[in-house]
Amino acid sequence: MKRAARLSIACGARTKAESLVGGALVGSLAVAMAAGSATAQQVGATDFEPSVSEPAFPGGDGPRVLVDEGHHNFHTISAAEIPDENHEGVVTIPGRFVPFAELLRADGYVVQPHEGMFTRESLAAADILVISNAVHESNVESWALPNPSAFTETEIDVLAEWIQSGGALLLIADHQPMPAAASALAERLGILMNNGYALGPDRGWIAFRRTDGSLLDHPIVQGRTASEAIDSVQTFTGQAFRPQPGAEAAPLFVLPERSMIVFEPDPFDPLEEKAPWIRADGLLGGAVFRFGEGRVAVFGEAAMFTAQVAGPNQAQFGMNHPAAAQNAQFVLNVMHWLSGLLPDDQP
């Protein structure tokens with residue numbers, strides 16, 4: 001198996017892996033987790049125990065949330081398979097979105113996997129659909145270009161029709177190759193994604209804060225009560241996007257000055273030390289909007305929605321990271337907006 005194939009299911013892209021051990025681009029994958037055993041891989045944090053003091057819905061009676069697992073998704077709520085220590089077989093790990101599901105269940109939601117392609121029948125009983133980091137089959141073992149769409153045109157038609165009729169979609173597309181895999185769907189909804197890696201002014205993770213204007217005011221940020229208000233959301237590498245000309249979207253995350261997007265033909269090629277990049281100031285990391293009768297939330301980073309560990313020292317990143325104290329409440333606020341518990345606009 002070639003190098004890219006051996007690494008693709010590990011920590012992810014070079015920038016995210018290196019953020020765990022230093023937060024900077026250093027030109028090669030000098031991270032032990034990429035070739036180690038399951039304990040060194042990027043996995044869901046099994047010790048994460050979400051607590052919701054006042055659940056939005058009685059247990060088991062809330063909206064039905066389906067989490068996509070039919071498009072080679074990097075983040076699932078079902079168990080996932082990754083290469084073993086010698087890359088001669090596979091080992092099974094808990095799904096990387098299990099903490100996300102457990103948080104929602106603690107808030108009263110019913111959370112189940114969605115397997116297979118999207119059809120009118122498969123979505124008929126869903127209130128909210130979550131698509132996190134889908135990829136095309138050709139990119140399962142290599143994230144190098146090209147990065148085709150993860151969804152067929154028929155599926156995109158079905159999804160657009162379902163949302164327009166009142167469905168709610170949480171679409172998460174992290175760094176390359178996920179933005180390209182989701183771009184056809186995103187464009188149908190009015191969003192243009194960048195198939196690269198969004199980095200902050202220090203070439204590391206980005207914290208979106210009210211104090212610097214990168215976290216914008218919105219009912220999702222305000223919450224239903226003062227105790228649910230959000231001041232800061234920590235993200236862990238990802239991508240950035242913008243609405244199509246003429247499309248309307250309420251921005252939640254705006255990338256700060258001196259942010260950048262790095263584009264790499266092959267994220268796992270250690271010789272790519274001078275990958276092209278663009279300034280990303282003002283691009284979006286999160287936004288919400290109405291689409292017909294339905295609601296859509298789009299985010300360019302997935303780890304913020306779950307809790308994970310990676311590397312030989314089991315470094316935390318996601319809702320379990322010390323800097324992400326308000327991430328779990330933000331996730332609930334997003335779901336409350338998708339559920340209709342929060343209004344579209346500021347009161």
Side-chain angles (χ1 to χ4, degrees), residues 2-31 34 42 74 133-136 138-150 171-187 191-208 214 235-245 251 253-287 298-304:
K2 65 180 181 179
R3 179 182 177 88
R6 294 178 61 184
L7 301 182
S8 64
I9 315 177
C11 185
R14 185 177 73 197
T15 52
K16 178 163 287 188
E18 290 166 354
S19 292
L20 295 173
V21 294
L25 285 165
V26 295
S28 67
L29 265 175
V31 188
Q42 177 177 329
F74 189 77
N133 284 349
V135 296
H136 188 269
S138 63
N139 291 133
V140 171
E141 292 191 340
S142 172
W143 290 358
L145 297 176
N147 303 140
S149 173
L171 176 60
I172 307 169
D174 215 305
H175 50 65
Q176 182 188 355
M178 289 77 165
S183 63
L185 172 58
E187 287 180 21
I191 296 296
L192 299 175
M193 294 184 168
N194 286 286
N195 192 38
Y197 304 81
L199 304 173
D202 59 354
R203 287 182 162 239
W205 294 339
I206 301 175
F208 294 95
S214 59
T235 63
F236 304 86
T237 312
Q239 57 112 352
F241 57 86
R242 61 183 175 86
Q244 292 184 18
F253 299 165
V254 177
L255 271 67
E257 292 184 4
R258 302 190 312 282
S259 296
M260 63 191 303
I261 297 178
V262 180
F263 300 94
E264 304 195 40
D266 185 345
F268 297 100
D269 185 349
L271 300 179
E272 289 183 15
E273 299 180 3
K274 297 183 178 180
W277 60 275
I278 62 172
R279 286 283 291 267
D281 307 23
L283 292 179
L284 306 183
V298 179
F299 289 89
E301 206 277 321
M304 60 166 285

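We count residues from 1, following the sequence as given.
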Q. Of the non-hydrogen atoms in P201 and S259, which two are nearest, and what is the gap between them?
A. CD-OG, 4.1 Å

Q) With a 4.5 Å heavy-atom cut-off, do Q244 and E187 have their side chains touching? A) yes

Q) Which atom names give the shortest non-hydrogen contact between T235 and W205, and what distance separates them? A) O-CB, 3.2 Å

Q | Side-chain (Q176) to main-chain (P179) donor-acceptor, under 3.5 angstrom | A | no

**Q.** Sequence-distant partners of A134, side chain to side chain contact (heavy atoms under 4.5 Å, CB included), two or more places apart
**A.** D68, H71, N73, I131, A150, F151

Q: Please name all residues satisfying side chain to side chain contact (heavy atoms under 4.5 Å, CB included) with E257, sequence neighbours left out, ordered by chain then number.
A: D281

Q: For P148, enumerate each residue passing the side chain to side chain contact (heavy atoms under 4.5 Å, CB included) test, keeping only those at least two apart in sequence or located in another chain.
A: H136, S138, N139

Q) Taking the side chain from D174 and the backbone from A302, do they hold a donor-acceptor pair closer than 3.5 Å? A) yes

Q: Go through I206 and L255 one step at a time and tell me if the side-chain contact (heavy atoms from CB on, under 4.5 Å) criterion holds.
A: CA-CA 8 Å; I206 301 175; L255 271 67; 4.1 Å; yes

**Q.** Any L145 side-chain heavy atom under 4.5 Å of N195 side chain
**A.** yes

Q: Keeping the roles fixed (side chain from S183, backbone from M193), state whether a donor-acceptor pair exists under 3.5 Å.
A: no

Q) Given the side-chain rings of Y197 and F263, with only the six-membered ring counted for Trp, is the space between their centroids under 6.0 Å? A) no

Q) Which class fits the ring pair H175 and W143: parallel under 30°, tilted 30 to 60°, perpendicular over 60°? A) tilted

Q) Heavy atoms, side chains only, cut-off 4.5 Å: are T237 and E301 in contact? A) no

